[in-house]
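First the structure, in the form of structure tokens, and then the observations on it.
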Amino acid sequence: FRRLKLDQKKNLEQKTELCEKAELIASQRGEDKDWNALSKEMKALQEEWKSIGFASKKDNQRIYDRFRAACDEFYNAKREFYSNFKRVMQDNLDKKISLCEQAESLKDSQDWKKATDQLISLQKKWKEIGPVARKQSDMVWKRFRAACDHFFDNKAKFFSTVEESYEDNLKKKMELIEEINQFRPEAKTTDNLEALKDFQNRWNEIGYVPLKDKERVQAAYRHAIDSKFSDIRSSENETKLIRFRKHIKELQSSPKGDRGIKVDIVTGN
């Protein structure tokens, strides 16, 4: 009987220690990976409990109830966590599906600036959304990524074509500038004026050039035009001014010509 009492006392001490460990585990909370680790620890305690004999009759039920309460608290908390976690993941999945639909509505847009800003905004929102179930995570990500890639691939193709056309336009403008530089003015002013108009019209018909070349090629064009046609422009302006002055004199010589006429003879305004 003395040996039995000693064994029961030792069993009670061991079970009390297991209760304390189980209560410590039950008090912990964590993310998914922590719950898995804690579950393994709790299961090991339960297996160890089974290997320990009975405590005294007056203590055995009490210590068992204490251990069982700690286990129940832990597993109830775990079930509640995963129940809430599933709801959160479903909500995250719904949000990501909504972003997929928005991205898909933009993937064929050619309003490049606006659509680019909107897709970048969607990508930022995607990163802010929490995880979804593993079996659905890859599927919904591939769907979202496909829509974004489709748009940005189209954008890259479009602007590569535009860049090519810009380079072609640059070549055309440089050839026109060279043609202007090689031009030899005619004796008749009207012929020179027609040539000037033709150069200006042809220049305006050529589209954009690369931005880095814009100022340089524009300056070269102005220099070529000015060097060839500055005399023609001066002569043309002088002719217009003479005609304007003559017209003003005619108005002033008429009986009603001096009423309300205020002009700047120098500028013709």
Side-chain angles (χ1 to χ4, degrees), residues 99-128 141-245 264 266-269:
L99 294 185
C100 287
E101 292 170 349
Q102 294 177 60
E104 287 165 349
S105 71
L106 294 168
K107 70 176 187 177
D108 292 316
S109 173
Q110 291 189 347
D111 188 346
W112 306 114
K113 178 67 171 67
K114 182 178 179 181
T116 297
D117 291 342
Q118 289 175 322
L119 281 171
I120 290 174
S121 175
L122 294 181
Q123 290 172 341
K124 289 180 180 178
K125 290 179 181 177
W126 184 278
K127 293 178 181 179
E128 294 169 359
W141 165 244
K142 287 178 180 178
R143 180 180 173 184
F144 181 72
R145 180 65 180 271
C148 293
D149 287 349
H150 181 85
F151 170 79
F152 286 110
D153 287 346
N154 285 346
K155 180 181 177 182
K157 290 176 184 176
F158 173 82
F159 280 102
S160 66
T161 303
V162 169
E163 286 297 326
E164 289 176 5
S165 68
Y166 283 4
E167 291 292 340
D168 187 50
N169 291 341
L170 175 61
K171 182 180 178 182
K172 291 178 180 178
K173 286 194 172 184
M174 294 305 296
E175 289 174 352
L176 181 57
I177 290 170
E178 181 61 25
E179 185 179 340
I180 295 170
N181 287 330
Q182 296 298 325
F183 176 74
R184 294 292 179 267
E186 302 292 337
K188 293 178 62 177
T189 302
T190 54
D191 292 340
N192 292 330
L193 289 174
E194 288 300 320
L196 173 61
K197 290 178 182 178
D198 179 64
F199 286 138
Q200 290 175 332
N201 290 336
R202 287 164 61 190
W203 179 268
N204 292 332
E205 288 171 0
I206 302 174
Y208 294 109
V209 300
L211 188 61
K212 62 184 178 65
D213 299 301
K214 180 181 176 181
E215 293 297 330
R216 176 179 64 82
V217 74
Q218 188 68 27
Y221 170 72
R222 285 196 299 267
H223 176 74
I225 288 291
D226 289 344
S227 64
K228 293 294 179 180
F229 297 102
S230 57
D231 293 340
I232 298 174
R233 286 177 169 178
S234 299
S235 175
E236 183 183 15
N237 290 336
E238 184 64 28
T239 301
K240 289 181 179 178
L241 184 58
I242 292 172
R243 290 176 181 173
F244 182 75
R245 286 173 174 169
D264 184 342
V266 176
T267 63
N269 294 324

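Bear in mind the structure is a predicted one, so any value in this text is a computation, not a measurement. FYI, side chains are in, hydrogens and waters are out, and symmetry mates aren't considered; it's all heavy atoms of this structure.
With sequence neighbours excluded, no residue forms a side chain to side chain donor-acceptor pair (under 3.5 Å) with E194. Contacts of K171 classified as salt bridge (charged side-chain N to carboxylate O under 4.0 Å, His left out), with partners at least two apart in sequence or in another chain: none. Applying the side-chain contact (heavy atoms from CB on, under 4.5 Å) criterion to D198, with sequence neighbours excluded, gives R202. By the side chain to side chain donor-acceptor pair (under 3.5 Å) test, Q123 pairs with no residue at all, sequence neighbours left out. Considering only residues two or more places apart in sequence or on other chains, H223 meets the side chain to side chain donor-acceptor pair (under 3.5 Å) condition with none of them. Partners of L99 according to the side-chain contact (heavy atoms from CB on, under 4.5 Å) rule, which considers only residues two or more places apart in sequence or in another chain, are Q102, L122, K125, W126, I129, F144. For F152, the ring-ring contact (aromatic ring centres under 6.0 Å, His included) test picks out no residue, with sequence neighbours left out. Listed by chain and number, the residues in a side-chain contact (heavy atoms from CB on, under 4.5 Å) with K124 are I120 (sequence neighbours excluded). For Y166, the ring-ring contact (aromatic ring centres under 6.0 Å, His included) test picks out no residue, with sequence neighbours left out. For K113, the side chain to side chain donor-acceptor pair (under 3.5 Å) test picks out D117, with sequence neighbours left out.
With rounding to the nearest 0.5 Å, the separation of CG in L170 from CD in E175 is 10.0 Å. How far NZ of K114 is from OG of S109: 8.0 Å, rounded to the nearest 0.5 Å. Interatomic distance, CD1 of I180 versus CD1 of I225, reported as 4.0 Å (0.5 Å rounding). The structure places CH2 of W141 at 9.5 Å from SG of C100, a figure rounded to the nearest 0.5 Å.
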Donor-acceptor pairs under 3.5 Å, side chain of residues 203-221 to any protein atom, not counting sequence neighbours: which ones?
from	atom 1	to	atom 2	distance (Å)
N204	ND2	Q200	O	3.1
D213	OD1	R216	NH2	3.1

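Side-chain atoms of H150 and N154, non-hydrogen and from C-beta on, do get closer than 4.5 Å to each other. Side-chain contact check for K173 versus L176: every heavy-atom pair is 4.5 Å or farther apart.
Residue pairs that meet the salt bridge (charged side-chain N to carboxylate O under 4.0 Å, His left out) test with at least one member in residues 143-154, sequence neighbours left out, are E104-R143, R145-D149.
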